[in-house]
Amino acid sequence: MAGTATVRPATYDFDAVEQKWQRIWEQQGMYRAVEDPAKPKYYCLEMFPYPSGKLHMGHVRNYSIGDVVARYKRMRGYNVLHPMGWDAFGLPAENAAIQHNIHPGRWTWDNIRYMRQQLRRLGISYDWNREVASCHPDYYRWTQWLFLQFYRAGLVYKKKAAVNWCPACATVLANEQVVQGRCERCDTPVTTKDLEQWFFRITRYADRLLEDLDRLDGWPEKVKTMQRNWIGRSVGVEVRFPIKGMDEELAIFTTRADTIYGATYMVVAPEHPLVPRLIADNPDREAIERFIEDVRRQDELARAAEDSEKLGVFTGSYCVNPFTGEEIPIWIGNYVLMGYGTGAIMAVPAHDQRDLDFARKYGLPVRVVIAPEHGPAPDEATMREAFVEDGKMVNSGPYTGLPNREGLERIADDVERRGIGRRRVQYRLRDWLISRQRYWGCPIPIVYCPECGPVAVPEDQLPVLLPDDVAFKPTGQSPLVESEEFVRTTCPQCGKEARRETDTMDTFVDSSWYFLRFCDPEATDVPFRREKADYWMPVDQYIGGVEHAILHLMYARFFQMVLADLGLVGTGRPFQNLLTQGMVLKDGAKMSKSKGNTVDPDYIIKKYGADTARLFILFAAPPERDLEWSDAGVEGAYRFLNRVWRLVSDLADDARTAGAIDGRTGRAPDPDAQKLRRTVHRTVQRVTADIDGRFHFNTAISAIMELVNMFYQYKERGGPRDREVVAEGLEKLVLLLAPFAPHLAEELWHMIGRTGSVHEQPWPSFDPDLVQADEMEIVVQVDGRVRDRMMVPRDLADDEVKARALALPRVAEHVAGRSVARVVVVPGRLVNVVTRR
RNA sequence: GCCGGAGUGGCGGAAUGGCAGACGCGGGCGACUUAAAAUCGCCUGGGCAACCCCCGUGCGGGUUCGAGUCCCGCCUCCGGCACCA
């Protein structure tokens with residue numbers, strides 16, 4: 001070893017380099033964000049993680065992408081806010097408490113400590129002074145405060161509702177948390193339960209949430225479409241059908257009022273409030289009630305199952321169709337949902353597949369009232385497929401002969417004129433159920449007084465703290481219920497003894513405003529100061545997994561709109577631009593513990609360093625796409641960084657001693673040096689275009705790799721080097737590398753004798769004149785096939801290019817025996833000689 | 001069923017309607033070395049003796065001088081929604 005002391009090692013000491021610079025950046029407070037009205041601001045945000053224990057590769061990817069954006073924008077002169085925090089309330093902490101007898105708070109804070117250390121080890125440029133954790137009283141106090149503002153604005157209410165219940169988690173779930181009839185978290189089939197629950201009136205904002213999507217240019221179409229579908233706006237008519245022999249009407253909602261002459265029966269949901277009266281006189285009442293019980297016991301899973309059978313029973317009662325005057329039977333059916341519309345429908349089997357299936361099963365009549373414009377009408381007796389297209393109306397009294405779209409409007413007009421109904425907009429979106437029967441969440445600041453009823457906790461008594469000394473038992477009951485210390489209180493209004501609400505909030509409430517707290521994390525008398533929020537908001541670039549396309553991203557939009565309406569913020573839009581990253585896969589499947597295909601970030605960082613881990617994950621695929629993990633690919637990224645390090649080490653002396661390239665005059669440039677210089681400038685152009693707006697980091701990195709390859713060729717060819725070209729090239733190379741491999745870039749920056757931090761330099765510029773070569777290669781095609789290529793001066797006239805192409809022997813060969821019909825010249829690219837036989 | 005997105009070498013992936021496969025991985029060859037590793041360089045879609053030529057971007061048509069890219073009709077995979085009247 002001693003004998004080879006002068007030979008530099010083949011690989012760099014990434015551990016030493018990364019730790020050194022992390023320490024220095026930290027000491028200098030380099031990433032601290034301070035409001036500065038003189039500079040344009042840029043708020044770069046990645047979705048904060050749930051502190052589950054340790055980071056997974058999806059996190060590494062998310063935060064690496066965000067860090068490139070933040071560092072790039074900083075170099076571009078923006079005042080960048082890049083914060084991080086913890087979505088720290090949630091069920092896993094409580095499950096850990098039950099299983100391992102450790103307090104959820106302790107468990108959570110331990111995880112936070114570990115994961116924070118991991119993020120620091122990755123060298124992400126966060127302003128750690130702004131760190132927040134949603135489980136901290138300084139944070140959830142304001143979650144409660146916001147709840148009270150919503151409460152006062154009439155956006156919070158409590159009602160008894162049939163709710164989704166997960167027996168395993170022993171809590172209710174929002175509709176959004178039920179996936180395919182199963183609990184999003186534990187996959188247990190979800191059942192329903194009638195419970196008193198708290199709701200946010202998000203439906204009041206349905207239209208605005210929908211409309212604003214059209215103006216969110218910076219969001220992926222996919223996400224906007226998912227939200228549009230989720231909100232599910234449909235325009236239709238509510239019509240009341242008189243019930244025969246009863247002083248009642250049955251209201252239905254339909255988007256197809258034009259088919260009303262084809263309504264041959266009615267169907268109501270089993271839970272419909274009129275059901276008891278509809279079946280009161282039926283001799284088979286008990287059988288019907290048994291049927292209803294069966295359907296209600298059917299859990300969500302069975303009801304949601306594909307082609308689940310339509311079941312129904314006749315009530316014995318009849319409606320009168322207000323348009324035909326006919327009496328039509330009222331059925332109870334499992335395919336009609338109480339939660340949508342009015343819980344009752346008019347059934348038009350000829351023009352609705354579900355109704356047709358039901359009618360065929362129970363032998364109900366089918367009547368065609370819309371016929372195709374051309375060709376025969378479907379045969380009522382035999383049709384198996386409902387006719388759902390547009391056409392002309394038939395069998396429809398005075399409307400017969402009209403195009404159905406026009407008939408629809410006329411019938412809706414007549415419904416309104418006759419006072420038997422009205423036009424209506426119906427949403428699929430339901431109000432947001434926010435109460436959870438769990439301990440580890442933000443307590444709902446409400447007190448129940450025997451005299452005054454539910455009373456809001458006054459703002460100056462916030463936060464309502466979670467008690468620490470509670471018992472965690474696997475009973476499914478929230479420990480809060482048994483905590484007398486917590487429950488017993490006095491009424492804020494009358495002072496009498498009262499009991500606290502023991503439900504806590506859905507954790508999506510916590511995450512619906514954290515981006516605002518980041519603007520002013522220290523605020524003590526408000527959740528955030530308006531002027532701070534006005535400076536930083538909206539988030540310029542939000543980055544996270546597409547799995548939050550509906551839930552989190554819609555709730556956050558809802559919150560921001562409400563807060564804008566309340567005058568707490570100036571903009572109703574939280575996130576200007578959204579980037580949804582793809583998943584990290586291993587062997588074609590999502591990494592998961594149960595599949596045993598996880599890759600541990602700690603191990604990768606230990607073996608190759610943070611820069612390599614980040615570089616690989618950015619290089620392997622563009623951000624929106626799923627990324628296939630490859631150990632060999634990581635190896636390649638590591639090799640590349642070492643290659644850069646060796647290159648710069650070897651040429652650092654040139655760079656340190658060279659003069660500035662700008663001032664140089666009268667030197668005949670060596671063509672190799674000139675070529676290198678052109679590549680340098682061309683690379684700056686390419687990398688800039690790839691990062692800016694496109695976020696194609698993989699091609700940006702490949703461009704840098706090409707530059708490094710070119711540099712090696714220049715270096716290895718031997719002979720004297722143009723030190724000024726080398727110096728300029730290395731400097732730009734290191735600057736380009738800075739967002740992707742921040743530690744190594746910083747090390748190299750100093751190695752080539754530059755001062756200050758590389759991350760505080762302006763982004764490199766390129767000279768458009770230098771980017772273009774004097775001579776360019778033109779591809780010459782004959783009939784669209786490449787036959788030759790030639791070098792021509794950059795600004796050679798098209799005619800001359802054409803002449804030179806035709807003069808090429810290879811072209812003559814291929815044209816032989818034919819005549820030239822036409823010659824297409826694409827300037828700077830190719831010539832295509834088109835022949836005719 | 002409806003709504004998105006994607007199908008390109010052995011693999012990850014590149015290509016404003018203009019050289020298909022950049023860059024990386026893997027593989028081959030060479031240089032350096034006593035040797036190996038590391039490193040540096042060259043080659044690497046298939047067919048073919050050939051760097052001539054032919055074929056080639058899921059399949060079938062079309063538009064165009066020219067199509068991975070645009071249009072029409074399919075197939076497969078992934079994601080979302082799904083008795084929403």
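Just so we're on the same page: letters track the sequence lines, and every chain starts at 1.
For Arg829(A), the listed nucleotide lying nearest its side chain is U16(B); candidates were U39(B), U16(B), G13(B). With distances taken from any side-chain atom of Glu628(A) to the nucleotides C19(B), G12(B), A15(B), the minimum falls on G12(B). Listed candidates were A85(B), A15(B), C53(B). Nearest to the side chain of Arg694(A) is A15(B).
The salt bridge (Lys or Arg N to Asp or Glu O under 4.0 Å) pairs that include a residue from residues 694-705 of chain A are Asp690(A)-Arg694(A), where partners are two or more places apart or lie in different chains.
Val826(A) comes within 4.0 angstrom of a nucleotide base, judged by non-hydrogen atoms across all strands. As judged by a 4.0 angstrom heavy-atom cut-off over every strand, Asp355(A) is placed among residues making no nucleic acid contact. Within the 4.0 angstrom heavy-atom criterion, no nucleotide atom of any strand lies near Glu624(A). When heavy atoms are screened at a 4.0 angstrom cut-off, Arg424(A) is found touching no nucleic acid atom at all. Within the nucleic acid shown, Gln781(A) comes within 4.0 Å of at least one base atom, counting heavy atoms only. Among the atoms of the strands shown, base atoms are found under 4.0 Å from some heavy atom of Val779(A).
Ring centroids of Phe508(A) and Trp432(A) are separated by 6.0 Å or more, keeping the two rings apart. For Phe358(A) and Tyr265(A), the ring centers are positioned less than 6.0 Å apart.
Taking side-chain N and O atoms only, Arg428(A) has no distance below 4.0 Å to OP1 or OP2 of A85(B). The phosphate of C19(B) (OP1 or OP2) has no side-chain N or O of Arg789(A) nearer than 4.0 angstrom. Of the side-chain N and O atoms in His814(A), none sit less than 4.0 angstrom from OP1 or OP2 of C52(B). Residue Arg822(A) places no side-chain N or O under 4.0 Å from the OP1 or OP2 atom of U64(B). For C42(B), one of the phosphate oxygens OP1 or OP2 lies less than 4.0 angstrom from a side-chain nitrogen or oxygen of Gln713(A). Between Arg228(A) and C2(B), a side-chain N or O to OP1/OP2 separation shorter than 4.0 Å is absent.
The separation of G56(B) from G45(B), taken at their C1' atoms, amounts to 8 Å, rounded to a whole angstrom. A14(B) sits 41 Å from U33(B) when the P atoms are compared, rounded to a whole Å. The gap from the P atom of G61(B) to that of A67(B) amounts to 14 Å, rounded to the nearest Å. Taking atom C1' in both G5(B) and A20(B), the straight-line distance is 23 Å, to the nearest Å. Distance noted for atom P between C48(B) and A31(B): 29 Å (whole Å). One C1' atom belongs to G66(B), the other to C75(B), and the distance between them is 27 Å to the nearest Å.
Looking only at side-chain heavy atoms (C-beta outward), Tyr261(A) and Asn321(A) stay at 4.5 Å or farther from each other. Between Trp219(A) and Thr580(A), the closest side-chain pair of non-hydrogen atoms is not below 4.5 Å. Under the 4.5 Å side-chain criterion, counting only non-hydrogen atoms from C-beta, Leu647(A) is in contact with Tyr712(A). At a threshold of 4.5 Å between non-hydrogen side-chain atoms, the residues Leu578(A) and Pro220(A) count as touching.
Regarding the sugar-base torsion, G56(B) falls in the anti class, its angle being beyond 90° of 0.
The nearest whole Å value for the distance from the CH2 atom in Trp629(A) to the P atom in C11(B) is 21 Å. Regarding Leu553(A), its CG atom lies at a distance of 14 Å from the C1' atom of G80(B), rounded to whole Å. The separation between Arg810(A) atom CZ and C19(B) atom P is 17 Å, rounded to whole Å. Computed from coordinates, the Arg360(A) CZ to C83(B) P distance equals 23 Å when rounded to whole Å. Here the C1' atom of nucleotide C11(B) and the CG atom of Leu585(A) are 14 Å apart, to the nearest Å. Rounded to whole Å, the distance from CE on Met338(A) to P on C83(B) is 17 Å. Following rounding to the nearest Å, Leu618(A) (CG) and G12(B) (P) show an atom-to-atom distance of 19 Å. Going from atom NE2 of His696(A) over to atom C1' of U16(B) covers 13 Å, rounded to whole Å.
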Contact list (N/O, under 3.5 angstrom) for nucleotides 71-76 of chain B vs protein:
none

Between protein and nucleic acid, restricted to nucleotides 3-9 of chain B and to nitrogen or oxygen atoms under 3.5 Å apart, what atom pairs and distances do you find?
none

- Task: In sequence, state the C-alpha distance, the side-chain angles, and the governing distance for Asp258(A) and Arg405(A), and then conclude on side-chain contact (heavy atoms from CB on, under 4.5 Å).
- Result: CA-CA 7 Å; Asp258(A) 54 324; Arg405(A) 292 279 147 198; over 6 Å; no

- Item | Step-by-step side-chain hydrogen bond (donor to acceptor under 3.5 Å, both in side chains) determination, Arg428(A) to Asn229(A) | CA-CA 8 Å; Arg428(A) 211 190 72 108; Asn229(A) 291 342; over 6 Å; no

- Start with the C-alpha distance between Asp357(A) and Gln353(A), add both sets of side-chain angles, then the distance that settles side-chain hydrogen bond (donor to acceptor under 3.5 Å, both in side chains), and finish with yes or no. CA-CA 6 Å; Asp357(A) 293 344; Gln353(A) 191 59 45; 3.0 Å; yes

- Message: Assess the residue pair Val634(A) and Trp629(A) against the criterion (side-chain contact (heavy atoms from CB on, under 4.5 Å)); give the C-alpha distance rounded to whole Å, side-chain angles, the decisive distance to 0.1 Å, and a yes or no.
- Response: CA-CA 9 Å; Val634(A) 180; Trp629(A) 183 267; 3.5 Å; yes

- Query: Between Arg804(A) and Val792(A), is a side-chain contact (heavy atoms from CB on, under 4.5 Å) present by the stated rule, with each step listed?
  - Reply: CA-CA 9 Å; Arg804(A) 288 196 196 184; Val792(A) 301; 4.3 Å; yes

- Message: Quick one, Thr259(A) with Met346(A), criterion side-chain contact (heavy atoms from CB on, under 4.5 Å). Give me CA distance, side-chain angles, the key distance, then yes/no.
- Response: CA-CA 10 Å; Thr259(A) 64; Met346(A) 65 174 196; 3.7 Å; yes

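No side-chain donor-acceptor contact under 3.5 Å links Asn642(A) and Thr11(A).
Nearer to the 5' terminus of RNA chain B, by closest-nucleotide assignment, is the contact made by Tyr712(A) (compared with the other of Arg787(A) and Tyr712(A)).
The minimum heavy-atom distance linking Ala386(A) with Pro349(A) is given by the pair CB-O, 3.9 Å. Considering all non-hydrogen atoms of both residues, Pro739(A) and Val68(A) come closest at O-CG2, 3.6 Å.
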- Message: Counting Watson-Crick and G-U wobble pairs with both distances under 3.5 Å, what is the dot-bracket string for RNA chain B, 5' to 3', using [ ] for crossing pairs and | for pairs to another strand?
- Response: (((((((..(((.....[....)))((((((.......))))))(((.....)))..(((((..]....))))))))))))....

Using atom types as modelled, flag every donor-acceptor pair under 3.5 Å from a side chain in residues 680-687 of chain A to any protein atom, sequence neighbours excluded.
unit_1	atom_1	unit_2	atom_2	d
His681(A)	ND1	Asp767(A)	N	2.9
His681(A)	NE2	Glu728(A)	OE2	3.0
Arg682(A)	NH1	Gln685(A)	OE1	2.5
Thr683(A)	OG1	Thr679(A)	O	2.6
Arg686(A)	NH2	Glu706(A)	OE2	3.2

- Item | Under 4.0 Å protein heavy-atom contacts per nucleotide of nucleotides 22-30 of chain B, with B for base, S for backbone only and - for none | BBSSS----

